[in-house]
Amino acid sequence: MAVPNGGDAVVAALIEGGVTTVFGIPASYTVEIYDAIGRQGGMRSIVARNEQAAAFMADGYARRSGEPGVVVVTGGPGLGNTVTGLQTAYADSSPVVVIASDHNPSQRRGRPLGLPHEALDQAALAEATGARVVRADTGASIAASVTEVLRSCVAGRPGPGVVLISRAALEAPETPQPAAREKPRPEYPMSTSDEVGQVAKLLAAATDPVVLAGAGVVRGRAEPQLARLLRSTGLPVVTTVAGRSAADRESGWTGVMDNDTTRAVVERADLVLALGTSFGWASTAGWTLRIGGSLIHVDIDRASLGQHYEPDMAIQADIGPFLASLAETMGRHRTRPGHPRTEIDPVTASHPWTDPIDRALPSRGVTICGDVTMASRWIPGGVPLGPDRRLMTPWNFQTLGWAYGAALGVQAAAPDETVLAVMGDGGALFTLGELATAVEHELPVCLVVYNNRSYGIIAEVQDTSCGGRRFGVDLEQPDFTAAARAFGMGASRADTPDALEAALSKHVGTGEPSLIEARLGIADLGIDPIDGRD
C-alpha cells in the first residue's frame, strides 16, 4: 500500500477546490503528484507533448469553464516552457494555475550547483509573468498553498498563479490531508442602487448612446444579463474583439472594435456605457480613439477604471449583477434611450475564405479558437458570433501557436461542443505534436490550417516598411494532411473556399479529431479593407 505523501496532498487540495482535469507532462520530479492522480481517481489527466501547449490547453479550459485551468509540470525546463502560457493568461485575464516542482530551500543559492532542472530563481521567473507565486516547502503547507492560489486566481480580475513545491515537501510521508469544506467562492465588488439609478437616468436622457462590451462581460458570464438589457432598451452595442462573444446580431450587435467605421459609432455617441473593457491598444487603434460624449466605465478591476480614458462615472462592480440591476431599473421605469438600434447597420467584414466557417458550423454550441493569423482578422466581423458561437483569441499578448492547444482545452471543458481551431501554417508548426494529444485523449477538435507558406502578417509589415524586401517569412512547409494522417486522424485539403466548406461539413460533428489544410496565396486574405490597418 502506498504511503500518503505530498503528491496526495496536492491532488486532495485540487479535488477539494473543484478541479476535475489537469494538463501537463509527468516527470521524475513530479512523480508523487501523478502517482496520486492515478491512485486516487476522480481526476482526468490530459498529457500534452509540450508544456507550453499544456498551458495553452489550461487557458482554453479556463476560458470555457470559468474555473481554473491547472497544469502540473516539472520545475526548470517544464516551468520555463509554461511561461508563454502564463503571460498570455495574465494579458487576457485567464485563471491558469501551474503546479511545479522546486528544489529544496538549501539548494536555492543563487548560483549554479549542477543540479538537474536547476533554475537560478524559479519564483522570480514565474512572478515576471504577472502570476501570483506561492511556495510550499513542507508537506503540511501544500494544501493551504494550492487552495490559496486556486482562490486568488479567480478573485476580482482573473489571472494566473503558480505553486512551487519543494522535493522535500512532495516526498514527505503521511502529509496531513485538508479537511473537506465548501469550495471557495470569490467575493466580487457590487454596484450600489444609487449608482445603478444614476446610470439609468443618464441612459434615458441620452439621444445617441452606445454600449461597448469587452472581455469582462464574457469572463463574468454576463451575456444573458446584457442581452436582457439590450432587448428591453433597444440600445446598440459594439464589442471589442476579445468581447465579441458578448452579443449577437439579434440582441443589437452593430460592430467590432477592429476598424474605424465601428470606432466612429463610439466616437459620435453622446454617452458610452463601457462594460468590462480595459480600452487596450488594439481596440482603440493605439489610443487614437476619441470619446466625445460622456463615458460610464464599469469593470471588476479598479485599476482599469480611468487607466486610459477618464470616465465621467467609474463603477467597480461585477458585470452580471450590475447589468441585471440596470435592466430591472430601466424596465421598471420603462425608460428607453432616444436612439433605436435599428438606425445603425452592423459593420461586417466577410471574406470568401472565412465565410465557409459560418456556413458549415452549427448555429449553437460552437467555440472558435483563433490564432495570430491573417485569417483570424476576418472572423470577428465576418462570422456571426455571440454567446452560442464563441470566439477566443490571445488578443492582448498575441501569442503565435496558441489556438490549437486552447481548443483542446475548450473541448475538454465542453465535450459536446463543436470546437474549431483556426491557424496559419507558421503558427500550426508551433504545436503540431499536439495532434497526438487530440487522438490519444479523443478530443474531436477540427484544426483548419490556412497555408500560404509564409508568416503572412510579418510579410505584410516587411512589404510596407522595407520596400518589399522580405527576410525569414517565406517558409517551406510539410504536407499538413499527411502529417495529420500519420497521427491517426482524418484530414482533407482545400484549394478553394467551396472545397473548404465541403471539408468542414465532412469533418465537423464526426466526434473525431481532424485537420483541414486550406492552401492559398499570401494575397488571398490580404489587409482588412475597412481601414487598411495590419
*Stepwise salt bridge (Lys or Arg N to Asp or Glu O under 4.0 Å) test for E267 and R290*: CA-CA 6 Å; E267 292 184 330; R290 296 289 178 261; over 6 Å; no
*Given the rule in the side-chain contact (heavy atoms from CB on, under 4.5 Å) test, do V199 and F322 qualify, once you have shown the distances and angles that lead to the verdict?*
CA-CA 10 Å; V199 173; F322 169 81; 4.3 Å; yes
*Apply side-chain contact (heavy atoms from CB on, under 4.5 Å) to L429 and F480, showing your working.*
CA-CA 9 Å; L429 283 183; F480 284 95; 4.0 Å; yes
_Under the criterion side-chain contact (heavy atoms from CB on, under 4.5 Å), I'd like the reasoning laid out for T373 against I457: C-alpha separation, chi angles, the key distance, then a yes or no._
CA-CA 7 Å; T373 174; I457 294 176; 5.6 Å; no
*So R132 and V162, side-chain contact (heavy atoms from CB on, under 4.5 Å) or not? Walk me through it.*
CA-CA 6 Å; R132 175 179 176 81; V162 175; over 6 Å; no
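Residues S251 and R228 have side chains that never bring a donor and an acceptor to within less than 3.5 angstrom of each other. Side-chain contact annotation: T399 with T88, donor-acceptor N/O pair under 3.5 Å present. Under 3.5 Å, the side chains of D59 and W402 contain a donor-acceptor pair of N or O atoms. Between the side chains of E440 and T437, no donor-acceptor pair of N or O atoms lies under 3.5 Å. Between the side chains of T367 and E417, at least one donor-acceptor pair of N or O atoms lies under 3.5 Å. In this structure, a donor-acceptor pair under 3.5 Å is absent between the side chains of T284 and H308.
Between V448 and Y450, the shortest heavy-atom distance links the atoms CG1-CE1, 3.7 Å. Taking both residues in full, the closest heavy atoms of V71 and G24 are given as CG1-CA, 4.3 Å, listed atom of the first, atom of the second, then distance. Listed here is the closest heavy atom pair of P362 and T418: CG-OG1, 3.8 Å. Closest approach of L500 and W353 over heavy atoms only: CD2-O, 3.4 Å. Across all their heavy atoms, G60 and V410 have their closest contact at O-CG2, 3.5 Å. Closest of all the heavy-atom pairs between V218 and A246 is CG2-N, 3.8 Å.
The local environment of CZ in R302 is sparse, with at most 12 non-hydrogen atoms from other residues, nucleotides or ligands closer than 6.0 Å. Other residues, nucleotides and ligands contribute more than 12 heavy atoms inside 6.0 Å of the CZ atom of F430. Residue W287 qualifies as enclosed at atom CH2: its count of foreign heavy atoms under 6.0 Å is above 12.
Using a 4.5 Å heavy-atom threshold, the side chains of V508 and T510 count as separate. Side-chain contact between P394 and D92 is present, with at least one heavy-atom pair separated by less than 4.5 Å. Contact check for V211 versus L226: side-chain heavy atoms found under the 4.5 Å cut-off. In this structure the side chain of M257 reaches within 4.5 angstrom of the side chain of L212, judged on heavy atoms. Side-chain atoms of V237 and V210, non-hydrogen and from C-beta on, never get closer than 4.5 Å to each other. A 4.5 Å side-chain heavy-atom check between D258 and R377 finds every atom pair outside the cut-off. Put simply, the side chain of V70 reaches to within 4.5 Å of the side chain of L14, judged on heavy atoms. Residues L520 and N451 have side chains not in contact (no heavy-atom distance under 4.5 Å, counting atoms from C-beta outward).
With rounding to the nearest 0.5 angstrom, the CG atom of L504 is 11.0 Å from the CG atom of D358. How far CG of D301 is from CD of Q307: 8.5 Å, rounded to the nearest 0.5 Å. Here the straight-line distance linking atom CH2 of W253 with atom CZ of R244 works out to 4.5 Å at 0.5 Å rounding. Separating the SG atom in C446 from the CD atom in E512 is a distance of 12.0 Å, to the nearest 0.5 Å. To the nearest 0.5 Å, atom CG of residue D312 and atom OG of residue S294 are 4.5 Å apart. Atom-to-atom distance recorded for T393:OG1 and I379:CD1 is 10.0 Å, nearest 0.5 angstrom.
Formation of a donor-acceptor pair under 3.5 Å by the S93 side chain with backbone atoms of G159 is not found in this model. With hydrogens and angles ignored, the 3.5 Å screen pairs a side-chain donor or acceptor of D425 with a backbone N or O of N452. Between the side chain of D270 and the main chain of D208, a donor-acceptor pair closer than 3.5 Å is present. In this structure, the side chain of T233 engages the main chain of L229 through a donor-acceptor pair within 3.5 Å. Counting only distance, with no hydrogens or angles, the side chain of R389 and the backbone of L361 share a donor-acceptor pair below 3.5 Å. The closest donor-acceptor contact from the side chain of T82 to the backbone of Q52 lies at 3.5 Å or more, if one exists at all. Looking at S283, its side chain never comes within 3.5 Å of a backbone N or O of G280 through a donor-acceptor pair. A donor-acceptor pair is defined here as one N or O able to donate and one able to accept, closer than 3.5 Å; no such pair exists between the side chain of T277 and the backbone of A274. Proximity of a side-chain donor or acceptor of T431 to a complementary backbone N or O of A428 within less than 3.5 Å is not detected. Judged by distance alone, with hydrogens and angles left aside, the side-chain atoms of Q411 form a donor-acceptor pair with the main-chain N or O of A414 at under 3.5 Å.
Residues R493 and E517 are paired through a salt bridge, judged by an N-O separation under 4.0 Å between the basic side chain and the carboxylate. Remark: R49 does not engage E434 in a salt bridge, criterion side-chain N to carboxylate O under 4.0 Å. Under a 4.0 Å N-O distance rule, the pair K201/E195 does not qualify as a salt bridge. One finds a salt bridge joining D299 and R157 here, because a Lys/Arg side-chain nitrogen approaches an Asp/Glu carboxylate oxygen to under 4.0 Å.
With sequence neighbours excluded, the residues that form a side-chain contact (heavy atoms from CB on, under 4.5 Å) with R44 are T21, I46, A412, H441, L443. Shown here are the side-chain contact (heavy atoms from CB on, under 4.5 Å) partners of A413, two or more places apart in sequence or in another chain: Y61, R64, S65.
Using the six-membered ring where Trp is involved, Y309 and F279 have ring planes that are tilted, between 30° and 60° apart.
Residue pairs meeting the side chain to side chain donor-acceptor pair (under 3.5 Å) criterion with at least one member in residues 213-224: none, sequence neighbours excluded.
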